[in-house]
Amino acid sequence: MKLLEYQAISLFNQYQIPTMKSAVLSHGECFDDIAGAEDFRFPLVVKAQIASGGRGKAGGIRFAQTMKDARKHCRDLLGRELLGYTVYQVLLTEKADVRSEWYLSIILDRVDKCPMIIFSPEGGMDIEELARTQPQKILRLPIDPFIGVQPYTVSYLLAKSGLSPFYQDELYKVICRLYQLFLQQDALLTEINPLAVCGDDERIIALDGKVEIDDSALYRQKVWLQAREVMPEEDFVKEARAFNFLYIPVEKTGPVAVISNGSGMLMSCIDLIAKEGIQVSAALDLGGGATADRISQGLRIMLSTPGVKVVLINIFGGITRCDEVAQGVRDAVENYLGKGQFVIVRMEGTNKEKGVAMLEGMDNSLLMAEDIRQSVDLLVERRDLL
Amino acid sequence: MKLLEYQAISLFNQYQIPTMKSAVLSHGECFDDIAGAEDFRFPLVVKAQIASGGRGKAGGIRFAQTMKDARKHCRDLLGRELLGYTVYQVLLTEKADVRSEWYLSIILDRVDKCPMIIFSPEGGMDIEELARTQPQKILRLPIDPFIGVQPYTVSYLLAKSGLSPFYQDELYKVICRLYQLFLQQDALLTEINPLAVCGDDERIIALDGKVEIDDSALYRQKVWLQAREVMPEEDFVKEARAFNFLYIPVEKTGPVAVISNGSGMLMSCIDLIAKEGIQVSAALDLGGGATADRISQGLRIMLSTPGVKVVLINIFGGITRCDEVAQGVRDAVENYLGKGQFVIVRMEGTNKEKGVAMLEGMDNSLLMAEDIRQSVDLLVERRDLL
Amino acid sequence: MSVLINQETKVIVQGITGREGQFHTEQMLAYGTKVVAGVTPGKGGQEVHGVPVFHTVREAMEHTRADASVLFVPARFVKNSATEAIEAGVPLVVTIAEHVPVQDMMYCRRLARDRGVQLVGPNSFGIISPGKCKIGFMAHRIFSPGHVGIMSRSATNCYETVFMLTQKGIGQSTCVGVGGDMIPGSTFIDILPELNADENTKVIVLIGEIGGNEEELAAEYIKRHVKKPVVAVITGKNAPKGRSMGHAGAIVSADGTGSAQKKESALREAGVHIAESTRHIAEILLNLREEYEL
Amino acid sequence: MSVLINQETKVIVQGITGREGQFHTEQMLAYGTKVVAGVTPGKGGQEVHGVPVFHTVREAMEHTRADASVLFVPARFVKNSATEAIEAGVPLVVTIAEHVPVQDMMYCRRLARDRGVQLVGPNSFGIISPGKCKIGFMAHRIFSPGHVGIMSRSATNCYETVFMLTQKGIGQSTCVGVGGDMIPGSTFIDILPELNADENTKVIVLIGEIGGNEEELAAEYIKRHVKKPVVAVITGKNAPKGRSMGHAGAIVSADGTGSAQKKESALREAGVHIAESTRHIAEILLNLREEYEL
C-alpha cells in the first residue's frame, strides 16, 4: 500500500524527522479551516495529493505568496481531476530556504534480503537519471537487522559522499528515525527526496516523502488498514479484495481478462497471450481453496471490467476442487455474461471429470481447454471476435 | 554491585513485576512516617535490609499483626547490628497468601556466555539443596540475545515443570519484564525466590528479589552509581576505589596483604602463600600504569588493614615503570609503616635497575625479591614475626 | 537418494491441531511421510491421527530428534513458529502460508542463516521426493518418482510442469517450492548444490520469475559448478510493472536487475536451456530423455 | 609459520589518534607490525606516525583489505568499535580495554560468531608472534621467538611465564591473551586448533583460572585432537569466593563447574601436565626442552 505524500509527512512528524510546517486540507474544506492558518510564514507551497508522479508539470504544485493566493489554489485544486486522479487532499507547507538537496531512502532490498540505505548527495528530481549515468554517486549500504543503524554507518555515508562530518549528528538522527519508522510501520520503502539542507544553520529537512506499507502486514497496522478503505483506488481492486482475491490491472485496455489460482500461472498465461499480440487488461488471483460462490463472484468482477470480451480461466487444483470451480463458472456464465462475451476454462486436479461433465452442453459462450496452451489457442482462433 | 532486597523490589515495581504492597523505612524514620501507613492490610512482614543471607534465623525477619507490632519491630531493627551489618533500612510488605513457591532467575551464564533462565517449580529456602540432590528439577534455558524471551520459552518451562498452561500468560509477562530489567539495568544476576503463586486467583507474585549490577557498567547506570556511594560497604573498598584500585577482602583475618598490577598475579601470589599455610587478609589490584603517589596510597591502605603485618608487592611492569613503583613504595614505607610491619617488594620490567637502586639501603622493613617464589620464601622465613 | 528429504526423514507438524494441520498431517502420513510429532501450544498430550502433540518444538525435538518441521499456521504466526523451530535446532523448516509480513521473513531468514538452518518458504507448496516423502500441501498425485529435480518460485507453474512430465512418463527426484515471496528462506542457490550432488537427479529444472536476483545467482553457480543439464523458464515477461511511486525501485533496478531479459541472458550464458513456457520445459526434457535415461 | 598473525598481517588501529592509540601504534610499528590504517571518527585524512587515518573501518578496509584490527578505545566505546570492525568484515578483532560492560561483550561475541570473525579480548594484552608481529600493548622485550605457543587468561601470569622462559632461552611461537573477563570474545578452544595446526608450535601452554568452563572444554578438545604436549596452570585456588547473594551462583556451580579441582582433573585426564605455579611451567618446559627442541 503506497501512502500519499501527506500521510508520509505525518509519519515523519510522528517519528520526529524534521519537516517544514504544514497542514492538510481535504475536499470540502477551505484554507481558512486550518487551525492557526494565520501563523503560516509565506510563501507557501500547495501540493495536490495524488498517487502519481509528474504532478508538478501538470499544475499540481503551486506557490502562494499571500493568504489570498493560498485560498485560491486550494479551492482550485481540491476536487479537480489531475493525471487521471481526483484530488481529495492538498498539502500546504512553508517554503524552505534550500542550500542543497540530498536523496535518502530505506528499502527492503530483494537482492541482499535486508533493509538497505540508499543515499546520494545529489538528490532532487534527477535522481533516476543520476542512477543511470553516475551510479557511483549513489551509495547503497545494507543494514544488518541484528546491528541496526550505527553512528559509523552515517560517518561512512558522509565520508564517501564527500560531505562534512558537520552533518553527522543530524543525519544520524534522521536515518535512525527513518529506520524505526521503516520497522515499526512494516514499510517496504521509505524515501525522502529531497532531503534538503536548509538555511544558514544548515538544518536537514525532509521536503517530500514516500512510504509503502507491506500489504501482508496491514492486519497489525490498523491505521493504514482503515486508511486504505477510504483511499482513492480502482473499484475492482476493492471489490475483489472483499472476496479475498487480488485484482491486478495489467494493460490500460484490452479484450482479455485472466483468472487463476496462483500468480505464477497468471504470469504464464499473460506471457503466452502477450506473445500472440493480444492485450490483457486485468488478472485475478484466486489464491488457494476458492468455493463455487466466490469463483462466480470473481468471474463477475472480470466480466464487468470495461472492454473485456473474454475471460480465460486456468485452474490447477491442488486444494481447489474442479467441481466447485465448474459450479461457480456455470453460475456466473448464466447470470453475468454480457452480450458478445465468452469464457474459456481449463481446469485440472481433484474431481476434474465431475467438473468437466458439469460444464458440458453449455453453448458457445463457454469453451473448454485441455491445457494452458490450448486455452490460449482457443483465444487466438477467435481473435476476430475480440 | 549487589542490590539490597528493597532496591530489587523497587526495580520489580518499576518493571511491573508483581510484588506485595510494600514500603521502605530508613534509619531515623519510624513506622508512622510511611505515607498511607494506615492503608496496609495486616499482617505485615518486617525485613531488615542487610547484604547477607541467614537473616531470618538471626531475627531479621518479623511479623506484625498490628500497627503497634509494626512500630515496635521497625524501632527494634533499624540501626541494629545483624550478622556484622548495620541495619539502615527495613522493608515492610503485606503478607502473601502463598499456595506454592517457584524459583526464577536470569543470570549471565559464564558457560553459554549468554543470559540464562533458571526456573524451578520448587522454590523457596531449599533451592540450593534441590540443586545438589535433584538437579533435574531445576531447568536452565539459555536466551539467545538475538531472539529474546518468546512465548514458547515459557510454554517449555511450564511443560517440563509439570505445571499447567494456565500460568502461561502471567509467567510470560514476568519473565519478559525480568529480562528487560536484566538488559536495561546491566544486571549480571536477577533472582526471584520465591516467585509465589498466591490467593484463590493464583496470581504470580515476587516475594523476594536479588539483583546484581555489573560494576563495569555503572557509568551508564547512574542511579546505582550514586546508590553505591551511600551503601554500607567496607571502608577500604571505598577508599581504594577512590584511587581506581580494586580492594579484595580474602580471608576474615590474616597477617598478609598482597599488591599487584593484575588479578592473575594476585591469584598466583595468594595461591603460593596459602600453600604455605599463611593467611592473606586482603589483596589490591592496581591495574595498569599506576604512578608513584597512587602506589604510595595503595600501600598505605593495605598497611592500615587491621591485623596486617606484611605487605607483599609483586609488579610486572608492562606499562608501569619500576622507578615510579620504587618511589611510591619508598614514600609509603617512610610515612605509613606501623610498628612491626614490613614490606616485601618484587618488581620487573621497564627501568627495573633504577627502581631497585632507589630502594637499596632501606632498613629491615623493606625486603627485595627477585621473583614471586622468592618473595614468598622471604615471607615464609619470617613466619615467626607474623 | 533424494534431496533434503527422503523416506527416513522425521517430520514435526507445527499447528497440527488446526484444520489445515490435521488434514495435511493425514495426507502426509498416507503418502508415507514419517510425521513423528505435532506441536500446538497448550495442547500437549493430545494425539492427531496417532501423532503425539507437544506444547513446544523443543519438547518435540527432545522426544523425536526430528529432521524437519513444517508450519501449518496462519501467516501472522509464522515468525513465532519459525523462530521456535530454528531456536530448537530443527535442521529443515518449511513454511507454507502466503501473505507472511515481509519483515517477519527478513528476520527469520537472518536467524536461519545464522543458526545454519535450512528454511524453505513461505508461500511454498513444500518439498516432495515422489514416492518417498512429502512435506507440505502439494497435490501429490501428479508427482512420480524419477530423475528430474525441480526448484520453483511458483506452485502452479510447478504443478503444470510436473503434470506434463508425469503424463509423458518422466519422473521427478525432488521438487522444492522455494516460494514466491519477496524474501524467501531459501533461494535457488541454496537448493542447487543439493540437486547437483544428488546422484538420483540427472537433470535440473528451474522455474523462475521476474524480480530479485535469484536466477542471476543461480546462473553464476551453474556456470561454475553444475555439469548436469539445467532447463529454466522465467515467467512474468509481460507482468504489470510494480508502478513504484518512489525512485528507489528505479535506482535499484537501474542496471536491469530483476528483468526477464537479464535473467535469461545470464542463464543462457551459463549453458542453461531456456524454455519459453512450462510446456516448453516438457518438450526440452523429452529431447534429453534418452541421453539421460529420464 | 605462526598463529593468527605473522609478518604479513595488515593491521588497523581503531582509536589511533588517542594517547594510547598513538603510543602503541609507534610501539607496534617499531616492532615490525604492518599497521596499515587507523580509524577515528571525524579525523579521516590525518596521519599518525605515517599511518593514514580514516573516519570508518569500512573505508579503511576498502583501502587496505586489512587482516586484523586492534581497539585502543575506552571500555565504553568497545561495543561500538568492535561492532563496526565485525560488520566491516575484519577477520580478526583484538580488544584491549578492561572494564568493558559484560553485556556489551555478550553482544559482540554473539555477533562475531554469527559473522565468522575471530574476536580476542577484552581485558587482553593482545597477540604477539615474537620477532614477527605484535597486536596489543604487551611489553614485547620479554618475548623471544621459539616454539612454545601460549594462551593466557591473565596478562601478568603470562608475562611472568614468558619472562622465565626467555631467560632460560626457550622462545615462543605465538602468545595470545584471551583475556580475563567473564565473557571473552575467544576462549582456549578457539585458539587451540590454531596452535595445534601450527608446525612452528611444538608445545602448548595454557594459563587458566578458576571460573567458567573454558579449561574443561579445552581439556575435551586436547583429549580428542592434540598430540603435542600441553602444560597448564590454574590460578585462583585460594581466591575469595564470589560471596554471591543469590542462589543462582550456587545452582550453576552445584556440579563443581569452575573450581580449580574440576579443571585440573579434566586437564590431567586429557594428558596435560599440570603446573603448580608459573615457575613450575618453566620447569616442566625445561624438561621437555631436549625432546621437543625448544
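Below, read A as the first sequence line, B as the second, and so on, with proteins coming before strands; counting in each chain starts at 1. Computation of the quantities below employed the complete heavy-atom set of this structure, encompassing side-chain atoms and omitting hydrogens, waters and symmetry-equivalent molecules.
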For the residue pair C:Y31 and C:H140, categorise the inter-ring angle as parallel (less than 30°), tilted (30 to 60°) or perpendicular (more than 60°). tilted
If I measure from the heavy atoms of chain C, does A:D271 come under 4.5 Å with its side chain, its backbone, both, or neither? both
Using the salt bridge (Lys or Arg N to Asp or Glu O under 4.0 Å) rule, pick out the option among A:D214, A:D215, A:D186 that qualifies with A:R220. A:D186
Is there a side-chain contact between C:V231 and C:V272 (heavy atoms, below 4.5 Å)? no
Highest number of heavy-atom pairs under 4.5 Å with chain C among A:A283, A:S268, A:C114 belongs to A:S268
Which bit of C:T187 comes within less than 4.5 Å of chain A, counting heavy atoms only: side chain, backbone, both or neither? side chain
Please flag which part of A:P135 lies under 4.5 Å from any non-hydrogen atom of chain C: side chain, backbone, both or neither. neither
With respect to chain A, which residue among C:G180, C:G211, C:A155 yields the maximal number of heavy-atom pairs within a distance under 4.5 Å? C:G211
Pair A:Y103 + A:F119: ring centers closer than 6.0 Å: no
Is it the backbone or the side chain of A:L108 that comes under 4.5 Å from a heavy atom of chain C, or both, or neither? both
Taking NZ, NE, NH1 and NH2 as the nitrogens, is one of them in C:E216 or C:K263 under 4.0 Å from a carboxylate oxygen of the other? yes
Contact part of C:R76 toward chain A, heavy-atom cut-off under 4.5 Å: side chain, backbone, both or neither? both
Region of A:L183 that comes under 4.5 Å of a non-hydrogen atom in chain C: both
Residue C:E276 versus chain A: region with a heavy atom under 4.5 Å: side chain
Establish, yes or no, whether the cationic atom of C:K79 lies under 6.0 Å from the six-membered ring centre of C:Y107 and within 45° of the ring axis. yes
What part of C:E160 gets within 4.5 angstrom of chain A, counting heavy atoms only: side chain, backbone, both, or neither? both
Distance-only check: which donor-acceptor pairs under 3.5 Å involve side-chain atoms of residues 93-102 of chain C, not counting sequence neighbours?
none

Would you kindly say whether C:Y159 and C:S152 are connected by a side-chain donor-acceptor distance under 3.5 Å? no
Is C:L111 in contact with chain A via its backbone, its side chain, both, or neither, using a 4.5 Å heavy-atom distance? both
Output the option from A:S263, A:S260, A:A187 having the highest count of non-hydrogen pairs under 4.5 Å with chain C. A:A187
